[in-house]
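Here the structure comes first, spelled out in structure tokens, and everything after it is commentary.
Each chain gets a letter, A, B and so on, in the order the sequences are listed, and its residues count up from 1. Keep in mind that this is a model prediction, so the values were computed, not measured.
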Number of protein chains: 2
Amino acid sequence: MASPALEQLSTNKTYDGQLIKYKFKSAVLGDLIAQFNIFLPANAAQGKVPVLVYLAGLTCTEDNGAQKGGFMRDAAAQGIALLFPDTSPRGAGIEGEDTDWDFGSGAGFYLNATNPKYSKHYKMLTHITEELPQVIEAAGVPIDFKRQSVFGHSMGGHGALTFYLSTLSSKQYRSASAFSPICNPMLAPWGEKAFKGYLAGGIEEARERYDATELIAKTKEPVHILIDYANNFLYQLHPDNFLKAARDAGHDEVQVRVRSHEGYDHSYYFIATFAADHIHFHANFLKA
Amino acid sequence: MASPALEQLSTNKTYDGQLIKYKFKSAVLGDLIAQFNIFLPANAAQGKVPVLVYLAGLTCTEDNGAQKGGFMRDAAAQGIALLFPDTSPRGAGIEGEDTDWDFGSGAGFYLNATNPKYSKHYKMLTHITEELPQVIEAAGVPIDFKRQSVFGHSMGGHGALTFYLSTLSSKQYRSASAFSPICNPMLAPWGEKAFKGYLAGGIEEARERYDATELIAKTKEPVHILIDYANNFLYQLHPDNFLKAARDAGHDEVQVRVRSHEGYDHSYYFIATFAADHIHFHANFLKA
């Protein structure tokens with residue numbers, strides 16, 4: 001099957017590299033137009049570079065992390081590309097998808113919907129883990145998806161942890177990190193709403209595949225995970241549940257590092273503060 | 001005269017400091033509500049800190065520099081506060097002020113209007129150079145305005161250079177820097193439009209006070225100026241005119257450093273790339 005053509009929408013030179021916005025017709029998302037941003041460091045001109053995928057939170061698009069995350073400075077210094085996907089399909093035309101800020105547009109929850117109402121379009125899991133690498137490689141963008149890690153914020157932190165933990169056997173991602181992730185979405189209002197809406201099997205369907213705390217509890221292989229969280233929205237995030245499950249499963253503080261930060265909030269001002277730490281954490285594995 | 005009360009609208013912890021948004025009723029702006037952001041580094045808890053004022057460009061508000069500039073990381077490390085004013089009065093109700101993106105709201109041009117249509121409200125020069133320091137000090141915010149420098153982008157770069165050069169004798173600002181500033185606004189469409197609209201004396205009134213190239217040509221004292229510019233909008237910016245006038249007036253490459261950057265554009269992605277350089281440039285003088 002021929003790969004769809006990537007259309008370049010804009011490019012901005014930054015930190016001696018290029019931030020490029022693309023769009024293409026996504027077969028996985030039911031032939032909707034999908035957009036994403038890529039930051040290519042200057043060294044990409046000399047050959048393929050490793051990539052760190054950033055998954056944004058509720059209400060966000062492919063732009064928030066690029067504009068406010070503060071990631072590109074250290075990614076440029078480390079020679080690592082950044083891939084910023086969108087958080088949901090856009091324009092599916094499903095009744096009610098634009099009504100709520102925490103469900104539907106801007107809130108795809110990084111899963112593959114099985115509820116027939118959403119299953120044609122809401123497949124951000126396959127879109128990001130399979131389709132984007134295929135399309136980007138086919139277009140000749142100098143990224144080496146064999147050296148790939150993933151991080152995210154809030155809903156995107158949930159995505160990063162579940163993408164990483166559910167693909168450990170295939171080594172799709174070398175490491176995962178998150179800023180205030182939804183760690184145990186089965187027990188969180190945001191997660192419950194998403195799972196009941198998108199999944200035919202509801203919360204029980206989510207347990208196997210889409211709950212990071214459930215996944216880490218079953219994980220025996222060594223892992224590389226860093227989590228930073230601020231002390232708010234804890235009833236949505238449950239980092240303590242994830243940490244306990246990780247320790248109970250034998251993952252020590254080198255494998256699963258969870259740090260709490262007093263006084264910070266859920267905004268990009270928190271993310272930017274610890275952005276450099278996350279880039280350097282992933283660089284350990286991406287450049288190994 | 002009693003100082004107006006500052007109302008705190010929000011606060012976000014970032015880089016171990018605080019970004020705080022305030023509003024107050026501005027007498028200088030004709031009793032309109034003015035908003036601004038302040039970043040206070042952690043060391044402000046131990047005493048007054050120096051401050052760097054950031055003047056944003058056309059269409060911006062007090063938020064753009066705080067969200068996208070990438071300034072706070074190095075300001076925090078250096079122990080320097082940042083002050084982000086708005087770019088114009090808001091809600092003056094003057095006919096046509098919201099029509100154009102390059103005149104009126106979001107485009108105050110950092111001057112004091114003398115055209116009667118605008119002179120009651122459009123006084124961003126006095127608002128930023130006099131009123132904000134008074135109001136902020138009166139509220140007990142731990143900033144030492146005796147250690148103050150100024151920088152800006154595009155229209156805000158024009159503001160930074162003219163604020164600095166027109167107050168050299170009183171040493172109000174220790175240094176000035178700019179990202180792609182409008183250096184010779186008398187010869188630029190943006191500048192001509194602003195001067196003809198805001199000033200009763202039009203462009204000739206601007207020559208004495210509001211044109212950085214005219215000002216540097218007359219400046220004999222040593223100066224501390226850094227300019228980075230990207231190679232676009234040059235017909236609006238004229239950095240070469242400023243550089244030639246500076247050299248002709250005897251200011252060498254230590255006093256006036258002007259750097260051109262190939263491939264960059266007029267966006268915050270350019271600003272963020274060189275943000276650290278500017279913070280460290282000003283730190284030399286603010287911490288002297």
* Asked: What part of B/Y264 is in contact with chain A, defined as an atom under 4.5 angstrom from a non-hydrogen atom: side chain, backbone, both or neither?
  -> both

* Pick from A/H261, A/M72, A/Q67: which one has the most heavy-atom pairs with chain B under 4.5 Å? -> A/Q67

* Asked: Near B/K244 NZ, under 6.0 Å, is it more than 12 heavy atoms from other residues, nucleotides or ligands?
  -> no

* How many angstroms lie between CZ in A/F270 and OH in B/Y15, if you round to the nearest 0.5 Å? -> 12.0 Å

* Are more than 12 heavy atoms from other residues, nucleotides or ligands located less than 6.0 Å from atom NZ of B/K13? -> yes

* **Pairwise side-chain contact, B/R73 with A/R73, heavy-atom cut-off 4.5 Å (strictly under)** => yes

* Asked: Looking at B/A275, B/G263, B/A276, which has the largest count of heavy-atom pairs under 4.5 Å with chain A?
  -> B/G263

* To do: Heavy atoms only: give me the nearest B/T273-A/D16 pair and the separation to one decimal.
  => CG2-N, 4.5 Å

* Is it the backbone or the side chain of B/N12 that comes under 4.5 Å from a heavy atom of chain A, or both, or neither? -> both

* Asked: Is the count of non-hydrogen atoms from other residues, nucleotides or ligands lying under 6.0 Å from A/R257 atom CZ greater than 12?
  -> no

* **chain A contact via B/A230 - side chain, backbone, both or neither, heavy atoms under 4.5 Å** => neither

